[in-house]
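Okay, so here's the structure we're looking at.
Quick note: numbers below take in every heavy atom, side chains included, and nothing from hydrogens, waters or symmetry partners. Just so you know, ligand 1 is whichever comes first in the structure, and atom 1 is the first atom listed for that ligand. Predicted, not measured: the structure shown is a model, and the values here were computed from it.
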Amino acid sequence: MARITLRQLLDHAAEHGYGVPAFNINNMEQVLAIMAAAEECDAPVILQASRGARAYAGDVMLAKMVEAAEAMHPTIPICLHQDHGNDEATCFSAIQHGFTSVMMDGSLEADAKTPASYDYNESITRRVAEMAHKVGVSVEGELGVLGSLETGKGDKEDGHGAEGALSHDQLLTDPDQAVAFVRATKVDALAIAMGTSHGAYKFSRKPDGEILAMHVVKAIHERLPGIHLVMHGSSSVPESLQELFNRYGGEMPKTWGVPIEEIQAGIRHGVRKVNIDTDCRLAMAAQIRRIATEKRSEFDPRKFLQPSMDALKTLCRERYEQFGSAGHASKIKPLSLAEMAKRYRAGALDPRIEVSRAA
Ligand code: G3H
Ligand code: 13P
Ligand code: ZN
């Protein structure tokens, strides 16, 4: 099936009240597992590549893997999305390689470390959206800085994210500013800061409203009911995976991720894209540790990677079902980029800013 844009997919998700997991990809095994799970339960797919993934696999390899996935799964619409684009060049080179959606993360400056000013964020995100929309490609922006409400710090665990201390004002997206930002930039989807962070160590206890600010999702959705919200740092870091990883020699101190029921509550309040990378890494790494421990003479990489793929497939299928995207793939007929561009030109895809009673 043809590639789908983020905008078309999330419009469908909003119309039918479901959320779409966005899984990070770096290699063939991840693509195969994510797609096999989608095929089993008829779920549309968002494959997203970070700058790190593009450097690791190379743009040509990533693009060809996604082409292969399309050929293998003709009934599954696939959105190929740039995760955390740091500047215009990253976003536009992704488009050159067939990405149908880009995230312009202007919450940080181009170094991906320094929290940016509102004006910088608005201006760079608006410029990227203007250009991307001309060729039908969707744009996700981010307002607020990802990081922990417990520690007041950004997420440096996987090598990117804000450096230094962050105030609550930076760590929580301001709903009024969100209205202004969407109006000015015309983004198709808005990532918000609400206490989630990348990596395994999100919370030191089961999160409550103090450290996982679901009220921010609700407040923004009340003001911007027509906007697709994005939750980053949304791995659940299941206890069972932590236990498996540690049983086979891993060293992961007890940690908590974002509970599935909180994500489901988010989906009821406008969250349409849910970013998941850590859970996928953990599912695969636990199996690699298991085989390395249980079969000490094994040296065929396939014997490590096949169980890893099986574990990832199980995880992805669970998320498709938990977020409600299962069963929707075959109902979607992807529109071409040319058709999307035409609709942007006509103003038909301008954000619906129906500022609600709460504003
Ligand atoms: O944005 C966070 C994702 O987990 C990607 O991580 O930059 O290590 O590929 P990465
Ligand atoms: P996790 O680290 O929680 O999986 O988040 C991934 C993410 O937000 C990618 O953009
Ligand atoms: Zn992210």
Min side-chain heavy-atom separation I34-L47 under 4.5 Å
yes
Find all atoms of ligand 2 within a distance of less than 4.0 Å from any non-hydrogen atom belonging to H84, and give their numbers and elements.
10 (O)
Counting from 1 in the order shown, the ligand 1 atoms closer than 4.0 Å to a non-hydrogen atom of D277 are 3 (C), 4 (O), 5 (C), 6 (O)
With a cut-off of 4.0 Å, which atoms of ligand 2 are near a heavy atom of D277?
1 (P), 4 (O), 6 (C)
Please say whether S50 places an N or O atom under 3.5 Å from an N or O atom belonging to ligand 1.
yes
Indicate whether any N or O donor in one side chain lies under 3.5 Å from an N or O acceptor in the other, for K273 and Q48.
yes
Flag the pair Q287 / F304 as yes when at least one side-chain heavy-atom distance between them is below 4.5 Å, and no otherwise.
no
Report the part of N24 in contact with ligand 1, treating N, CA, C, O as backbone and CB onward as side chain, heavy atoms under 4.0 Å; options are side chain, backbone, both, neither.
side chain
Give the contacting part of S234 toward ligand 2: side chain, backbone, both or neither, where contact means a heavy-atom distance below 4.0 Å.
backbone
R7 and L349, any side-chain heavy atoms less than 4.5 Å apart:
yes
Atoms in ligand 1 flagged as close to D83, the criterion being non-hydrogen separation under 4.0 Å
1 (O), 3 (C)
Is the shortest heavy-atom distance from the side chain of I353 to the side chain of V179 under 4.5 Å?
yes
Would you say K202 touches ligand 2, if touching means a heavy atom closer than 4.0 Å?
yes
Give the numbers and elements of all ligand 2 atoms closer than 4.0 Å to a heavy atom of I276.
4 (O)
Among H198, R51, H232, R281, closest by any non-hydrogen atom to atom 8 (O) of ligand 1
R281
Side-chain heavy atoms under 4.5 angstrom apart, residues restricted to Ile, Leu, Val, Met, Phe, Trp, Tyr: same cluster for V230 and I4?
no
Pick one of side chain, backbone, both or neither for how T278 approaches ligand 1, counting any non-hydrogen atom pair under 4.0 Å.
neither
Are R3 and F99 in a cation-pi setup, meaning NZ or CZ lies under 6.0 angstrom from the ring centre and within 45 degrees of the ring axis?
no
Answer whether the closest heavy-atom distance between the side chains of I220 and D174 falls below 4.5 Å.
no
The Zn ion (ligand 3) has as its nearest N, O or S atom from H198 the atom NE2
Would you mind naming the N, O or S atom of H232 nearest to the Zn ion (ligand 3)?
ND1
Atoms in ligand 2 flagged as close to H232, the criterion being non-hydrogen separation under 4.0 Å:
8 (O), 10 (O)
State, with a plain yes or no, whether a side-chain heavy atom of F203 is found less than 4.5 Å away from one of T255.
no
Cationic tip of R272 within the cone over Y18's six-membered ring, i.e. under 6.0 Å and within 45° of the normal?
no
Quick one: look at N24 and ligand 2, take heavy-atom pairs under 4.0 Å, and tell me if it's side chain, backbone, both or neither.
side chain
So if I count the atoms of ligand 1 from 1 in the order they appear, which ones are less than 4.0 Å from some heavy atom of H84?
1 (O)
Could you tell me which atoms of ligand 2, counted from 1 in the order shown, lie closer than 4.0 angstrom to a heavy atom of G233?
1 (P), 3 (O), 5 (O), 7 (C), 8 (O)
Going by the 4.0 angstrom heavy-atom rule, the piece of D83 near ligand 2 is side chain
Please confirm whether D279 comes within less than 3.5 Å of ligand 2 when only nitrogen or oxygen atoms on both sides are compared.
no
Is it true that K206 and E261 have a side-chain N and a carboxylate O under 4.0 angstrom from each other?
yes
Between H215 and H269, does the ring centroid distance fall short of 6.0 Å?
no
Ligand 2 atoms nearer than 4.0 angstrom to some heavy atom of G199 are 2 (O)
